[in-house]
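On a predicted model such as this, the values are computed, not experimentally measured, just so you know. Throughout, a chain's letter reflects where its sequence line sits, starting with A, and its residues are numbered from 1.
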Number of protein chains: 2
Amino acid sequence: MRSDLDEIPEHCTVEVAMEILGGRWKLAILRKLLDRTHRFGELMRAMHGVTQRMLTRQLRELEADGLVTRTVYREVPPKVEYSLTEAGRSLEKIVLLLDEWGEWYLDRARRPAHDQTGKSRG
Amino acid sequence: MRSDLDEIPEHCTVEVAMEILGGRWKLAILRKLLDRTHRFGELMRAMHGVTQRMLTRQLRELEADGLVTRTVYREVPPKVEYSLTEAGRSLEKIVLLLDEWGEWYLDRARRPAHDQTGKSRG
DNA sequence: CGGTATCCAATGCGATACTG
DNA sequence: CAGTATCGCATTGGATACCG
(Lines give C-alpha, C1' and ligand atoms only; values in the text may rest on other atoms or scores of the structure.)
Protein backbone atom coordinates (compact mmCIF):
# COMPACT_ATOMS: atom_id res chain seq x y z
CA MET A 1 0.00 0.00 0.00
CA ARG A 2 2.68 2.45 0.94
CA SER A 3 5.32 0.77 -1.16
CA ASP A 4 4.48 2.38 -4.47
CA LEU A 5 4.91 5.99 -3.52
CA ASP A 6 7.44 6.35 -6.29
CA GLU A 7 4.76 5.75 -8.86
CA ILE A 8 2.49 8.51 -7.69
CA PRO A 9 2.63 11.29 -10.26
CA GLU A 10 3.66 14.79 -9.36
CA HIS A 11 0.29 16.39 -9.73
CA CYS A 12 -1.28 14.81 -6.68
CA THR A 13 1.23 14.88 -3.87
CA VAL A 14 -1.60 15.53 -1.44
CA GLU A 15 -2.36 11.87 -1.97
CA VAL A 16 1.08 10.96 -0.75
CA ALA A 17 0.32 12.73 2.48
CA MET A 18 -3.00 10.95 2.76
CA GLU A 19 -1.44 7.55 2.15
CA ILE A 20 0.66 8.15 5.20
CA LEU A 21 -1.75 10.06 7.40
CA GLY A 22 -4.98 8.41 6.30
CA GLY A 23 -5.23 5.86 9.06
CA ARG A 24 -8.04 6.26 11.48
CA TRP A 25 -5.92 7.12 14.51
CA LYS A 26 -2.76 8.48 12.99
CA LEU A 27 -3.51 12.17 13.17
CA ALA A 28 -4.77 11.82 16.71
CA ILE A 29 -1.56 10.02 17.64
CA LEU A 30 0.57 12.70 16.03
CA ARG A 31 -1.33 15.40 17.81
CA LYS A 32 -0.73 13.73 21.15
CA LEU A 33 2.94 13.29 20.41
CA LEU A 34 3.26 16.93 19.44
CA ASP A 35 2.85 17.81 23.10
CA ARG A 36 5.38 15.34 24.42
CA THR A 37 6.64 11.77 24.38
CA HIS A 38 4.00 9.25 25.41
CA ARG A 39 4.03 5.69 26.64
CA PHE A 40 1.88 3.10 24.91
CA GLY A 41 -0.63 2.96 27.73
CA GLU A 42 -0.90 6.71 27.86
CA LEU A 43 -1.81 6.84 24.20
CA MET A 44 -4.22 3.98 24.76
CA ARG A 45 -6.09 5.88 27.45
CA ALA A 46 -5.86 9.19 25.63
CA MET A 47 -7.52 7.97 22.46
CA HIS A 48 -10.53 6.28 24.04
CA GLY A 49 -11.99 3.77 21.64
CA VAL A 50 -8.84 2.49 20.01
CA THR A 51 -7.93 -1.16 20.53
CA GLN A 52 -4.44 -2.37 21.41
CA ARG A 53 -4.17 -4.01 18.06
CA MET A 54 -5.08 -0.91 16.14
CA LEU A 55 -2.93 1.42 18.19
CA THR A 56 0.00 -0.93 17.69
CA ARG A 57 -0.57 -1.16 13.97
CA GLN A 58 -0.94 2.54 13.45
CA LEU A 59 2.15 3.24 15.53
CA ARG A 60 4.14 0.69 13.55
CA GLU A 61 3.07 2.26 10.29
CA LEU A 62 3.99 5.71 11.51
CA GLU A 63 7.33 4.29 12.60
CA ALA A 64 7.86 2.62 9.22
CA ASP A 65 7.07 5.91 7.54
CA GLY A 66 9.66 7.63 9.66
CA LEU A 67 7.32 9.91 11.56
CA VAL A 68 7.52 8.27 14.98
CA THR A 69 10.33 6.80 17.05
CA ARG A 70 9.74 3.75 19.23
CA THR A 71 11.98 3.36 22.24
CA VAL A 72 11.88 0.13 24.25
CA TYR A 73 13.15 0.10 27.83
CA ARG A 74 14.02 -3.44 28.83
CA GLU A 75 12.84 -3.28 32.41
CA VAL A 76 10.15 -4.86 34.54
CA PRO A 77 7.45 -3.96 33.94
CA PRO A 78 8.16 -3.21 30.28
CA LYS A 79 8.05 0.37 29.09
CA VAL A 80 7.81 1.67 25.54
CA GLU A 81 7.89 5.30 24.63
CA TYR A 82 6.82 6.97 21.42
CA SER A 83 8.03 10.32 20.20
CA LEU A 84 8.10 12.29 16.98
CA THR A 85 10.97 12.25 14.55
CA GLU A 86 12.00 15.36 12.72
CA ALA A 87 9.75 14.34 9.86
CA GLY A 88 6.90 13.85 12.29
CA ARG A 89 7.43 17.23 13.80
CA SER A 90 7.40 18.76 10.35
CA LEU A 91 3.68 18.02 10.34
CA GLU A 92 3.00 20.16 13.38
CA LYS A 93 1.47 23.09 11.55
CA ILE A 94 -0.73 20.83 9.44
CA VAL A 95 -1.93 18.76 12.37
CA LEU A 96 -2.81 21.82 14.39
CA LEU A 97 -4.59 23.41 11.44
CA LEU A 98 -6.56 20.23 10.83
CA ASP A 99 -7.50 20.08 14.46
CA GLU A 100 -8.60 23.68 14.38
CA TRP A 101 -10.54 23.14 11.17
CA GLY A 102 -12.27 20.05 12.57
CA GLU A 103 -13.33 22.03 15.59
CA TRP A 104 -14.61 24.86 13.44
CA TYR A 105 -16.44 22.43 11.16
CA LEU A 106 -18.09 20.63 14.06
CA ASP A 107 -19.22 23.86 15.61
CA ARG A 108 -20.52 25.05 12.28
CA ALA A 109 -22.35 21.80 11.62
CA ARG A 110 -24.11 22.10 14.96
CA ARG A 111 -25.46 25.57 14.26
CA PRO A 112 -28.97 26.18 12.85
CA ALA A 113 -27.48 26.84 9.42
CA HIS A 114 -28.74 30.37 9.10
CA ASP A 115 -25.30 31.82 8.48
CA GLN A 116 -23.38 29.01 6.91
CA THR A 117 -22.69 30.77 3.64
CA GLY A 118 -20.44 33.21 5.39
CA LYS A 119 -17.55 31.79 7.25
CA SER A 120 -16.41 33.71 10.26
CA ARG A 121 -12.98 32.52 11.06
CA GLY A 122 -9.54 33.78 10.29
CA MET B 1 -20.21 7.15 8.55
CA ARG B 2 -20.37 10.88 8.82
CA SER B 3 -23.60 10.90 10.75
CA ASP B 4 -22.11 10.51 14.20
CA LEU B 5 -19.88 13.55 14.21
CA ASP B 6 -21.69 14.80 17.26
CA GLU B 7 -20.41 11.90 19.29
CA ILE B 8 -16.77 12.55 18.60
CA PRO B 9 -15.25 13.92 21.78
CA GLU B 10 -13.52 17.26 21.91
CA HIS B 11 -10.01 15.97 22.31
CA CYS B 12 -9.65 14.58 18.82
CA THR B 13 -11.14 17.01 16.35
CA VAL B 14 -8.41 16.11 13.88
CA GLU B 15 -10.42 12.93 13.44
CA VAL B 16 -13.41 14.97 12.40
CA ALA B 17 -11.35 16.45 9.62
CA MET B 18 -10.14 13.01 8.59
CA GLU B 19 -13.66 11.61 8.51
CA ILE B 20 -14.46 14.20 5.92
CA LEU B 21 -11.19 14.38 4.02
CA GLY B 22 -10.09 10.78 4.40
CA GLY B 23 -11.34 9.48 1.06
CA ARG B 24 -8.75 8.46 -1.42
CA TRP B 25 -9.43 11.21 -3.94
CA LYS B 26 -10.95 13.95 -1.85
CA LEU B 27 -7.88 16.01 -1.20
CA ALA B 28 -6.83 15.75 -4.82
CA ILE B 29 -10.28 16.94 -5.86
CA LEU B 30 -10.17 19.85 -3.47
CA ARG B 31 -6.75 20.83 -4.71
CA LYS B 32 -7.97 20.87 -8.28
CA LEU B 33 -11.02 22.91 -7.35
CA LEU B 34 -8.87 25.42 -5.50
CA ASP B 35 -7.58 26.61 -8.86
CA ARG B 36 -10.96 26.92 -10.53
CA THR B 37 -14.31 25.33 -11.23
CA HIS B 38 -14.00 22.03 -13.06
CA ARG B 39 -16.31 19.87 -15.09
CA PHE B 40 -16.72 16.20 -14.24
CA GLY B 41 -14.71 15.05 -17.20
CA GLU B 42 -11.93 17.48 -16.45
CA LEU B 43 -11.58 16.10 -12.97
CA MET B 44 -11.74 12.61 -14.41
CA ARG B 45 -8.79 13.26 -16.70
CA ALA B 46 -6.91 15.27 -14.14
CA MET B 47 -6.89 12.53 -11.51
CA HIS B 48 -5.68 9.68 -13.74
CA GLY B 49 -6.64 6.38 -12.20
CA VAL B 50 -9.95 7.28 -10.64
CA THR B 51 -13.05 5.53 -11.96
CA GLN B 52 -16.29 7.29 -12.80
CA ARG B 53 -17.95 5.56 -9.92
CA MET B 54 -15.39 6.62 -7.36
CA LEU B 55 -15.13 10.17 -8.60
CA THR B 56 -18.90 10.46 -8.43
CA ARG B 57 -19.03 9.05 -4.93
CA GLN B 58 -16.27 11.21 -3.56
CA LEU B 59 -17.81 14.30 -5.13
CA ARG B 60 -21.20 13.45 -3.66
CA GLU B 61 -19.70 13.03 -0.23
CA LEU B 62 -17.87 16.32 -0.49
CA GLU B 63 -21.12 17.89 -1.58
CA ALA B 64 -23.01 16.31 1.31
CA ASP B 65 -20.38 17.64 3.68
CA GLY B 66 -20.84 21.10 2.28
CA LEU B 67 -17.39 21.50 0.78
CA VAL B 68 -18.31 21.32 -2.89
CA THR B 69 -21.12 22.72 -5.00
CA ARG B 70 -22.55 20.75 -7.89
CA THR B 71 -24.12 22.72 -10.73
CA VAL B 72 -26.04 20.91 -13.45
CA TYR B 73 -26.58 22.56 -16.80
CA ARG B 74 -29.52 20.94 -18.56
CA GLU B 75 -28.17 21.04 -22.07
CA VAL B 76 -27.07 18.60 -24.73
CA PRO B 77 -24.58 17.23 -24.15
CA PRO B 78 -24.97 17.42 -20.38
CA LYS B 79 -22.59 19.56 -18.40
CA VAL B 80 -21.92 19.48 -14.68
CA GLU B 81 -19.58 21.82 -12.91
CA TYR B 82 -18.03 21.47 -9.50
CA SER B 83 -16.71 24.30 -7.40
CA LEU B 84 -15.77 24.94 -3.81
CA THR B 85 -18.09 26.32 -1.19
CA GLU B 86 -16.67 28.68 1.38
CA ALA B 87 -16.25 25.78 3.73
CA GLY B 88 -14.28 24.06 1.03
CA ARG B 89 -12.18 27.11 0.42
CA SER B 90 -11.48 27.36 4.13
CA LEU B 91 -9.33 24.27 3.63
CA GLU B 92 -7.06 26.01 1.14
CA LYS B 93 -4.16 26.53 3.48
CA ILE B 94 -4.31 22.96 4.76
CA VAL B 95 -4.58 21.43 1.30
CA LEU B 96 -1.64 23.43 0.02
CA LEU B 97 0.43 22.58 3.07
CA LEU B 98 -0.39 18.90 2.71
CA ASP B 99 0.53 19.05 -0.94
CA GLU B 100 3.78 20.75 -0.09
CA TRP B 101 4.51 18.27 2.67
CA GLY B 102 3.79 15.30 0.41
CA GLU B 103 6.22 16.67 -2.13
CA TRP B 104 8.87 17.22 0.51
CA TYR B 105 8.29 13.75 1.94
CA LEU B 106 8.54 12.08 -1.45
CA ASP B 107 11.72 13.88 -2.28
CA ARG B 108 13.14 13.01 1.11
CA ALA B 109 12.17 9.35 0.79
CA ARG B 110 13.97 9.16 -2.53
CA ARG B 111 17.25 10.42 -1.13
CA PRO B 112 20.06 8.08 -0.03
CA ALA B 113 18.95 8.37 3.59
CA HIS B 114 22.24 9.68 4.89
CA ASP B 115 20.58 12.22 7.11
CA GLN B 116 17.23 10.68 7.94
CA THR B 117 16.07 10.18 11.50
CA GLY B 118 13.50 7.63 10.42
CA LYS B 119 14.18 4.53 8.40
CA SER B 120 14.29 4.68 4.65
CA ARG B 121 11.82 2.80 2.56
CA GLY B 122 13.89 1.76 -0.39
C1' DC C 1 2.96 -3.37 30.54
C1' DG C 2 2.95 -3.80 25.92
C1' DG C 3 2.31 -6.33 22.90
C1' DT C 4 0.75 -10.93 19.05
C1' DA C 5 -2.43 -14.21 16.90
C1' DT C 6 -6.68 -15.32 15.14
C1' DC C 7 -11.09 -14.60 13.52
C1' DC C 8 -14.61 -11.69 11.63
C1' DA C 9 -17.46 -7.52 9.97
C1' DA C 10 -17.66 -3.31 7.42
C1' DT C 11 -16.61 -0.79 3.61
C1' DG C 12 -13.44 1.27 0.42
C1' DC C 13 -12.48 0.79 -4.00
C1' DG C 14 -12.01 -1.08 -8.85
C1' DA C 15 -13.95 -3.31 -13.27
C1' DT C 16 -17.48 -3.65 -16.21
C1' DA C 17 -21.84 -2.79 -18.31
C1' DC C 18 -25.65 0.10 -19.13
C1' DT C 19 -28.36 4.90 -19.52
C1' DG C 20 -30.65 9.80 -20.14
C1' DC D 1 -21.08 13.90 -21.10
C1' DA D 2 -22.03 12.45 -16.81
C1' DG D 3 -23.60 9.52 -14.67
C1' DT D 4 -26.05 4.59 -12.28
C1' DA D 5 -26.15 -0.66 -11.31
C1' DT D 6 -24.04 -4.72 -10.12
C1' DC D 7 -20.34 -7.52 -8.74
C1' DG D 8 -16.39 -8.75 -6.14
C1' DC D 9 -11.87 -8.34 -4.11
C1' DA D 10 -8.67 -6.05 -0.83
C1' DT D 11 -8.02 -3.40 3.02
C1' DT D 12 -9.37 -1.48 7.39
C1' DG D 13 -10.65 -2.03 11.77
C1' DG D 14 -12.90 -4.41 15.91
C1' DA D 15 -13.27 -8.45 19.59
C1' DT D 16 -11.13 -11.72 21.98
C1' DA D 17 -7.52 -14.60 23.75
C1' DC D 18 -2.92 -15.41 24.77
C1' DC D 19 2.30 -14.14 25.57
C1' DG D 20 7.29 -12.26 27.26
Side-chain angles (χ1 to χ4, degrees), chain A residues 1-5 7-8 12 14-16 18-29 32-33 37-65 68-83, chain B residues 1-5 7-8 12 14-16 18-29 32-33 37-65 68-83:
Chain A
M1 153 195 180
R2 214 166 285 82
S3 51
D4 51 4
L5 286 184
E7 302 175 16
I8 294 180
C12 53
V14 281
E15 288 186 45
V16 175
M18 293 314 288
E19 290 266 346
I20 293 167
L21 308 173
R24 164 122 189 228
W25 308 96
K26 291 188 180 176
L27 271 301
I29 292 172
K32 271 293 164 196
L33 295 185
T37 293
H38 279 75
R39 295 184 57 174
F40 184 86
E42 288 178 324
L43 288 175
M44 200 56 190
R45 285 184 295 276
M47 324 259 318
H48 127 275
V50 72
T51 57
Q52 272 193 338
R53 169 187 144 100
M54 282 316 299
L55 184 53
T56 300
R57 284 178 54 162
Q58 304 268 298
L59 282 168
R60 290 291 145 81
E61 290 190 13
L62 288 172
E63 188 190 7
D65 286 329
V68 159
T69 301
R70 179 169 177 264
T71 308
V72 181
Y73 297 87
R74 304 283 291 156
E75 31 181 84
V76 179
K79 169 175 157 187
V80 179
E81 284 188 342
Y82 294 90
S83 56
Chain B
M1 157 190 180
R2 216 164 288 83
S3 51
D4 51 4
L5 286 185
E7 302 175 15
I8 295 179
C12 52
V14 280
E15 289 187 45
V16 176
M18 293 314 288
E19 289 267 346
I20 293 167
L21 307 173
R24 164 120 190 233
W25 308 96
K26 290 189 182 176
L27 270 302
I29 292 171
K32 271 294 164 195
L33 295 185
T37 293
H38 279 74
R39 296 185 56 173
F40 184 86
E42 288 178 325
L43 288 174
M44 199 57 191
R45 287 185 293 275
M47 324 263 312
H48 128 274
V50 71
T51 57
Q52 276 191 334
R53 169 185 142 101
M54 281 316 301
L55 184 54
T56 301
R57 284 178 56 160
Q58 305 267 298
L59 282 168
R60 290 291 144 82
E61 289 190 15
L62 289 172
E63 188 190 6
D65 286 328
V68 159
T69 300
R70 179 169 178 267
T71 309
V72 181
Y73 298 86
R74 306 281 293 153
E75 29 180 85
V76 179
K79 170 176 158 187
V80 179
E81 284 189 343
Y82 294 89
S83 56

Rounding to a whole Å, what distance do you find between K79(A):NZ and dG3(C):P? 13 Å
Looking at side-chain heavy atoms only, is the closest gap between Q52(B) and M44(B) below 4.5 Å? yes
Atom-to-atom span, CG of L55(A) to C1' of dG3(C) - whole angstrom: 10 Å
Rounded to whole Å, how long is the line connecting atom CD of E61(B) with atom C1' of dG3(D)? 16 Å
For E81(B), all residues meeting side chain to side chain donor-acceptor pair (under 3.5 Å), sequence neighbours excluded: Y73(B)
What does the list of N/O pairs under 3.5 Å between the protein and nucleotides 13-16 of chain D look like, with a distance for each?
{"unit_1": "dG13(D)", "atom_1": "OP1", "unit_2": "R24(A)", "atom_2": "N", "d": "3.0"}
{"unit_1": "dG13(D)", "atom_1": "OP2", "unit_2": "Q58(A)", "atom_2": "NE2", "d": "3.2"}
{"unit_1": "dG13(D)", "atom_1": "N7", "unit_2": "R53(A)", "atom_2": "NH2", "d": "3.0"}
{"unit_1": "dG13(D)", "atom_1": "O6", "unit_2": "R53(A)", "atom_2": "NH2", "d": "3.2"}
{"unit_1": "dG14(D)", "atom_1": "OP1", "unit_2": "R24(A)", "atom_2": "NH1", "d": "2.7"}
{"unit_1": "dG14(D)", "atom_1": "N7", "unit_2": "R53(A)", "atom_2": "NE", "d": "3.3"}
{"unit_1": "dG14(D)", "atom_1": "O6", "unit_2": "R53(A)", "atom_2": "NE", "d": "2.9"}
{"unit_1": "dG14(D)", "atom_1": "O6", "unit_2": "R53(A)", "atom_2": "NH1", "d": "3.2"}
{"unit_1": "dG14(D)", "atom_1": "O6", "unit_2": "R53(A)", "atom_2": "NH2", "d": "2.9"}

What distance separates L33(B) CG from L62(B) CG, expressed to the nearest 0.5 Å? 8.5 Å
Starting at CE of M44(A) and ending at C1' of dT4(C), how long is that distance when rounded to a whole Å? 14 Å
By a strict heavy-atom criterion of less than 4.0 Å, which residues belonging to residues 70-77 of chain A are in contact with DNA chain C? R70(A), P77(A)
If I compare all heavy atoms of L21(B) with all of L27(B), which pair ends up nearest, and what's the gap? O-CD2, 3.0 Å
Using a 4.5 Å cut-off on heavy atoms from C-beta on, say whether the side chain of L55(B) contacts that of W25(B). no
Per side chain to side chain donor-acceptor pair (under 3.5 Å), Y82(B) is matched among R70(B), K32(B), E63(B) by R70(B)
Which atom names give the shortest non-hydrogen contact between T37(B) and S83(B), and what distance separates them? OG1-CB, 3.3 Å
Can you tell me the distance, in whole Å, between the NE2 atom of H38(A) and the C1' atom of dG3(C)? 19 Å
Between the CD1 atom in I29(B) and the CD atom in E61(B), the distance rounded to the nearest 0.5 Å is 9.5 Å
Distance, rounded to the nearest Å, where L59(B) contributes CG and dT4(D) contributes P: 11 Å
Round to a whole Å and report the spacing from CD of E81(B) to P of dG3(D). 12 Å
Under 4.0 Å between a side-chain N/O of Y82(A) and OP1 or OP2 of dG3(C), yes or no? yes
With sequence neighbours excluded, tell me which residues meet side chain to side chain donor-acceptor pair (under 3.5 Å) with R53(B). none
Sequence-distant partners of E42(A), side chain to side chain donor-acceptor pair (under 3.5 Å), two or more places apart: R36(A)
Might you point out which heavy atoms bring M54(B) and V50(B) nearest each other, and give the distance in Å? CB-CG2, 3.9 Å
Rounded to the Å, how far apart are M18(B) CE and dT12(D) C1'? 14 Å
Between the opening five pairs and the closing five pairs of the helix from dC1(C)-dG20(D) to dG20(C)-dC1(D), how far apart are the helix axes, to 10°? 50°
